[in-house]
Peer 1: 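Below is the structure I would like to discuss, written out as structure tokens.
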Number of protein chains: 2
Amino acid sequence: MSSRATQKQQSRERILEAAGRHLRTGGIDGAGIAAVMSEAGLTHGAFYAHFSNKDELTRNALVHALEQNRARWLGKPQRESWTQRLGRLARRYLTGAHRQSRADSCALAALCSEAARGDSAFRRTYEEELLKSLSGLCEGPFETQPPQRGDDALAYMALLVGTLALSRAVASPALAERLLKAGADAAARIGHADPEQRANR
Amino acid sequence: MSSRATQKQQSRERILEAAGRHLRTGGIDGAGIAAVMSEAGLTHGAFYAHFSNKDELTRNALVHALEQNRARWLGKPQRESWTQRLGRLARRYLTGAHRQSRADSCALAALCSEAARGDSAFRRTYEEELLKSLSGLCEGPFETQPPQRGDDALAYMALLVGTLALSRAVASPALAERLLKAGADAAARIGHADPEQRANR
DNA sequence: GCTATCGCATGATGATCATCATGTCAAAGA
DNA sequence: TCTTTGACATGATGATCATCATGCGATAGC
């Protein structure tokens, strides 16, 4: 690859990094092309050499951010039961540190309510990333999971995302911490409700 | 009350209604004073006779919206167990209709991720309203609930909010519907995990 | 070495928006 | 009836922002 091409590739990488941080910290609108480019060490004019418009950047930054999120959250495969896995990953996700670190936190949670207002291309991207995260959680393609496990995984993700979002939306740290704890406990229980009870729902 | 005062009161009411709709449909920034005032049948200049700035409007609209939300969601007291109540209210909350009606839907869910980016006055208001909703759910002051019930209520609200938000963020209607169903099932189970299991957590 | 290319910078442009200044007119109070 | 008040309208003002036009300078291919 020519040196110019690698330069451009590196610039693009830095832009996506900066955009990912801004996206999670400031939301979809809170980005600002000039601010992102400046954080990437460039000026606003260079933007259109990399992306055709802001929406395209936003989608790419979302993908980029969630790949990082999944790598850090899911880590390497473990020897554990489904129930253990749900409990362990919930405790790893619902921490005070995750709540407070905005710039590199889970983009699904950081954007959950704003995503609904995005255009359909953005929502398609969001959905794809959610499905990838579900597959990572299940350690296999989400579409091939047995129905009950798929439903568990969906409710589980909704609980994690909702808990983290609420814990940030709230003003008092004490309530935020209690939310995290209550959410993690409930998430750990999603895997093992009494089976006979679940059969005749 | 003088006729002028009632006029003003009615104007204020219409502004709050319009702002509540815009808040839930377009988010905190998506409001736009001119648009809100025009929907209230006034022009933008009249705004500052009612509120000192946009932030104040936003907070008041949030309170107004959530009062309506609670009235419609919780309805009249019922003769039912805690478990039954959680199941019934989850099914009432997590419907396709609620997902699609943006303008008058639950403001807690509509703003859950953006609220984190609001100023501290906004987050205080959000927290107060969340606590009122929790009290309504518990049919008594949230602060006086037994710890386990309080934790259940917190996780339950997080699950409802997260499920509704995700179901809107996603592009495909089928996945959205499945999320609602899985969320409602899981929410109904929050109340009755095996007690001995819960005791030695 | 010469020239074309292209990544990037600088500086418009036009749109949107919150807020303010000023004017108007009807109702309140004397 | 006359004056004052205040709810509302109209029309700036300045800030922010996405997008575009233009120019530069280094690199790549000849």
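First the proteins, then the strands, lettered A, B, ... as listed; each starts at 1. Scope of the values below: all heavy atoms of this structure, side chains included, with no hydrogens, waters or symmetry mates.
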Peer 1: Among residues 37-53 of chain B, which residues get a heavy atom nearer than 4.0 Å to DNA chain D?
Peer 2: B:L42, B:T43, B:H44, B:G45, B:A46, B:H50
Peer 1: What are the two closest non-hydrogen atoms of A:A107 and A:L62, and how far apart are they?
Peer 2: CB-CD1, 4.0 Å
Peer 1: Under a 4.0 Å N-O cut-off, is there an ion pair linking B:R70 with B:E129?
Peer 2: yes
Peer 1: So do B:E114 and A:E114 actually touch side chain to side chain, heavy atoms under 4.5 Å?
Peer 2: yes
Peer 1: Do B:E39 and B:R14 sit within salt-bridge range, that is, some charged N less than 4.0 Å from a carboxylate O?
Peer 2: no
Peer 1: Can you list everything that forms a side chain to side chain donor-acceptor pair (under 3.5 Å) with A:S167? Sequence neighbours excluded, please.
Peer 2: none
Peer 1: Using a heavy-atom cut-off of 4.0 Å to chain A, what are the terminal contacting nucleotides of DNA chain D, in 5' to 3' order?
Peer 2: D:dA18 to D:dA28
Peer 1: Could you list the residues that satisfy side chain to side chain donor-acceptor pair (under 3.5 Å) with B:S38, not counting sequence neighbours?
Peer 2: none
Peer 1: Does the side chain of A:R168 come within less than 4.5 Å of A:Q100's, by heavy atoms?
Peer 2: no
Peer 1: Using 4.0 Å as the upper bound for N to carboxylate O, is an ion pair formed by A:R178 and B:D151?
Peer 2: yes
Peer 1: For the helix from C:dG1-D:dC30 to C:dA30-D:dT1, measure the angle between the helix axis at one end and the axis at the other, each built from five pairs, rounding to 10°.
Peer 2: 10°
Peer 1: Output the residues of residues 10-36 of chain B in contact with DNA chain C, where contact means a heavy atom of the residue under 4.0 Å from an atom of the strand; sort by number or write none.
Peer 2: B:G32, B:I33
Peer 1: Want to settle it: does A:D55 or B:Q7 sit nearer the 5' end of DNA chain D, counting the closest nucleotide to each?
Peer 2: B:Q7
Peer 1: Please check if any side-chain donor atom of A:D55 sits under 3.5 Å from a side-chain acceptor atom of A:T58, or the reverse.
Peer 2: no
Peer 1: If a protein heavy atom is under 4.0 Å from the base, mark B; if only from the sugar-phosphate, S; if neither, -; do that for nucleotides 22-30 of chain C going 5' to 3'.
Peer 2: ----BSS--
Peer 1: Please identify each residue that fulfils side chain to side chain contact (heavy atoms under 4.5 Å, CB included) with B:Q84, with sequence neighbours left out.
Peer 2: B:E80, B:S81
Peer 1: Taking ring-ring contact (aromatic ring centres under 6.0 Å, His included) as the definition, give me every residue that meets it alongside B:Y156, ordered by chain and number, with sequence neighbours left out.
Peer 2: none
Peer 1: Just jot down the ring-ring contact (aromatic ring centres under 6.0 Å, His included) partners of A:H50, sequence neighbours excluded, or say none.
Peer 2: none
Peer 1: Restricting to pairs with a member in residues 85-119 of chain A, which pass ring-ring contact (aromatic ring centres under 6.0 Å, His included), not counting sequence neighbours?
Peer 2: A:W73-A:Y93, A:Y93-A:H98
Peer 1: Going by the ring-ring contact (aromatic ring centres under 6.0 Å, His included) test, which pairs reach into residues 26-47 of chain B, not counting sequence neighbours?
Peer 2: B:F47-B:F51
Peer 1: Please determine if A:D185 and A:R189 form a salt bridge, counting it only when a charged side-chain N lies under 4.0 Å from a carboxylate O.
Peer 2: no
